[in-house]
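Written below as structure tokens is the structure these notes are about.
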Amino acid sequence: MPAGARRLLARLRVRPARRALLVAGLWLAAPVAADQISSARYANPTPRYAHGVLGDAIEHGTLVLTLDTGATLRMVLPETLVFEDTAPRLADLDGDGAREVIVVESSLTQGARLAVYDVTGRIAATPHIGRSNRWLAPVGAADLDGDGTVELAYIDRPHLAKTLRLWRYEAGALSPVGDLAGYTNHRIGERDIAGGIRTCAGAPELIVATADWTRIVALRWSADGFTQTDLGSHEGRHRFAAALACAE
């Protein structure tokens with residue numbers, strides 16, 4: 001590799017899968033963007049994990065990533081895991097301009113965990129809950145406290161523990177930063193996950209339900225911990241939609 005190309009690579013400081021190509025002695029910068037993920041979906045339905053928390057006993061064994069080039073990558077799980085999820089979620093977690101993919105993976109013996117993928121495969125994950133047929137429901141990902149790093153939020157066992165958990169994504173790893181009991185975003189058999197993250201008044205807020213499903217609330221996270229705003233009674237998904245649209 002010519003010295004100039006080596007110097008350019010050092011300045012870019014990107015992962016190997018996102019580096020530009022050296023062809024016939026020419027450094028081609030354009031392909032850096034070409035390896036970015038434009039969409040993601042699950043494939044290879046399988047009955048090997050008969051939990052049925054999302055309404056049936058069919059989960060998925062493969063994550064399919066579509067790149068900006070139109071090429072696809074297939075991430076195939078071993079027989080001991082499934083994607084127990086509604087759909088993959090795309091977010092730029094490290095601020096490099098390329099989106100990562102957030103998924104729920106479940107072990108047949110150890111239950112669910114939150115995992116992050118990029119074009120190279122799985123790059124980070126929380127621990128499994130620790131027991132079969134124990135699930136988590138994602139809320140979303142955002143820089144919740146304004147410190148420049150992104151937090152990932154989910155409800156741990158939305159039908160049992162009903163505990164909000166936050167994990168910070170930094171330097172390619174996930175670390176726990178906060179928990180709050182008494183909230184949920186899913187009921188057994190529902191095909192979707194309620195709520196999400198909104199930004200209505202300058203700061204991201206987590207939109208979830210109270211554990212008894214009577215109220216919809218907005219939760220903020222800061223260095224001082226959680227604060228809650230009551231958004232009114234829970235009357236169905238339309239109230240969550242209104243909250244996310246800043247109409248509540």
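Counting from 1, the numbers follow the sequence of the chain as shown.
Rounded to the nearest 0.5 angstrom, Leu244 CG and Cys200 SG are separated by 8.0 Å. Between the NE2 atom of His51 and the CH2 atom of Trp135 there is a distance of 9.0 Å, given to the nearest 0.5 Å. A distance of 11.5 Å separates CG of Leu136 from NE2 of His186, quoted to the nearest 0.5 Å. Atom CZ of Arg41 is separated from atom OG1 of Thr62 by 9.5 Å, given to the nearest 0.5 angstrom. For the atom pair OH (Tyr183) and CD1 (Ile216), the distance works out to 13.5 Å, reported to the nearest 0.5 Å. Taking CD from Glu84 and CG from Leu81, the interatomic distance works out to 11.5 Å, rounded to the nearest 0.5 Å.
No continuous path of ILVMFWY side-chain contacts below 4.5 Å connects Val150 to Trp221, so the two sit in separate hydrophobic clusters. Hydrophobic clustering places Leu73 together with Val101 (ILVMFWY residues linked when any side-chain heavy atoms are closer than 4.5 Å, directly or through intermediates). Using a 4.5 Å cut-off between side-chain heavy atoms of Ile, Leu, Val, Met, Phe, Trp and Tyr, with links allowed through other members, Leu164 and Ile129 fall into different hydrophobic clusters. Taken together through direct or relayed side-chain contacts under 4.5 Å among Ile, Leu, Val, Met, Phe, Trp and Tyr, Val116 and Val64 form parts of separate hydrophobic clusters. When hydrophobic clusters are built by joining Ile, Leu, Val, Met, Phe, Trp and Tyr residues whose side-chain heavy atoms come closer than 4.5 Å, directly or via intermediates, Leu219 is not grouped with Ile207.
Checked options Leu114, Leu90, Asp85; the residue passing with Ile102 is Leu114 (criterion: side chain to side chain contact (heavy atoms under 4.5 Å, CB included)). The salt bridge (Lys or Arg N to Asp or Glu O under 4.0 Å) test with Asp156 is passed by exactly one of Arg165, Lys162, Arg113: Arg165. Exactly one residue among Leu152, Leu180, Leu206 makes a side chain to side chain contact (heavy atoms under 4.5 Å, CB included) with Leu166. That residue is Leu206.
Sorted by first and then second residue, the salt bridge (charged side-chain N to carboxylate O under 4.0 Å, His left out) pairs with a member in residues 119-136 read Glu105-Arg122; sequence neighbours excluded.
Side-chain atoms of Arg215 never come within 3.5 Å of backbone atoms of His234 as a donor-acceptor pair (strictly under, hydrogens ignored). With hydrogens and angles disregarded, no donor-acceptor distance shorter than 3.5 Å links the side chain of Asp92 to the backbone of Glu100. Here the side chain of Ser38 pairs a donor or acceptor atom with the backbone of Thr66 at under 3.5 angstrom. Between the side chain of Thr184 and the backbone N or O of Pro158 there is at least one donor-acceptor pair closer than 3.5 Å. When atom types are taken as modelled, the side chain of Gln110 and the backbone of Ser107 share no donor-acceptor pair closer than 3.5 angstrom. At least one donor-acceptor pair closer than 3.5 Å links the side chain of Thr163 to the backbone N or O of Ala161. Within the 3.5 Å criterion, the main-chain N or O of Ala242 finds no donor-acceptor partner in the side chain of His238.
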Q | Thr72 and Leu65: CA distance, side-chain angles, deciding distance, side-chain contact (heavy atoms from CB on, under 4.5 Å) verdict | A | CA-CA 5 Å; Thr72 59; Leu65 307 180; over 6 Å; no
request  = Apply the test side-chain contact (heavy atoms from CB on, under 4.5 Å) to residues Leu54 and Thr86: give CA-CA distance (whole Å), side-chain angles for both, the deciding distance (0.1 Å), then the verdict.
outcome  = CA-CA 8 Å; Leu54 290 167; Thr86 57; 3.9 Å; yes
| query | side-chain contact (heavy atoms from CB on, under 4.5 Å) between Gln36 and Asp68: does it pass, once the steps are laid out? | reply | CA-CA 6 Å; Gln36 293 185 13; Asp68 287 347; 3.4 Å; yes
For this session: Might you work through the salt bridge (Lys or Arg N to Asp or Glu O under 4.0 Å) test for Asp145 and Arg220, ending with a clear yes or no?
Result: CA-CA 8 Å; Asp145 55 5; Arg220 287 193 182 187; over 6 Å; no
Checklist line | Trace of the side-chain contact (heavy atoms from CB on, under 4.5 Å) decision for Val217 with Thr210 | finding: CA-CA 7 Å; Val217 300; Thr210 54; 4.0 Å; yes
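Relative ring orientation between Tyr42 and Phe83 is described as parallel, the plane-to-plane angle staying below 30° on a 0-90° scale split at 30° and 60°. Relative ring orientation between Trp213 and Phe240 is described as perpendicular, the plane-to-plane angle rising above 60° on a 0-90° scale split at 30° and 60°.
Defined by atom type and a distance below 3.5 Å, a donor-acceptor pair is present between the side-chain atoms of Thr149 and Arg168.
Residue Leu231 comes nearest to Arg239 through the heavy atom pair O-NH2, 3.3 Å, listed as atom of the first residue, atom of the second, then distance. Nearest heavy atom pair, residue Thr120 against residue Met75, reads C-CE, 4.3 Å. Glu151 and Leu144 get closest at one heavy-atom pair: OE1-N, 2.8 Å. When all heavy atoms of Ile37 and Ser39 are compared, the pair lying nearest together is CG2-O, 3.5 Å. For the pair Tyr169 and Ile123, the tightest heavy-atom approach, listed with the atom from each and the gap, is OH-CD1, 3.3 Å. The two atoms that bring Ala57 and Ala50 nearest to each other are CB-CA, 4.1 Å, heavy atoms only.
Side-chain contact between Tyr117 and Pro88 is absent, with no heavy-atom pair separated by less than 4.5 Å.
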Please tabulate, for the side chains in residues 192-199, all donor-acceptor contacts under 3.5 angstrom to protein atoms that are two or more places apart in sequence or on a different chain.
{"unit_1": "Asp192", "atom_1": "OD1", "unit_2": "Arg237", "atom_2": "NH2", "d": "2.9"}
{"unit_1": "Asp192", "atom_1": "OD2", "unit_2": "Arg237", "atom_2": "NE", "d": "2.9"}
{"unit_1": "Arg198", "atom_1": "NE", "unit_2": "Glu205", "atom_2": "OE1", "d": "2.8"}
{"unit_1": "Arg198", "atom_1": "NH1", "unit_2": "Ala243", "atom_2": "O", "d": "2.8"}
{"unit_1": "Arg198", "atom_1": "NH1", "unit_2": "Glu248", "atom_2": "O", "d": "3.2"}
{"unit_1": "Arg198", "atom_1": "NH2", "unit_2": "Glu205", "atom_2": "OE1", "d": "3.1"}

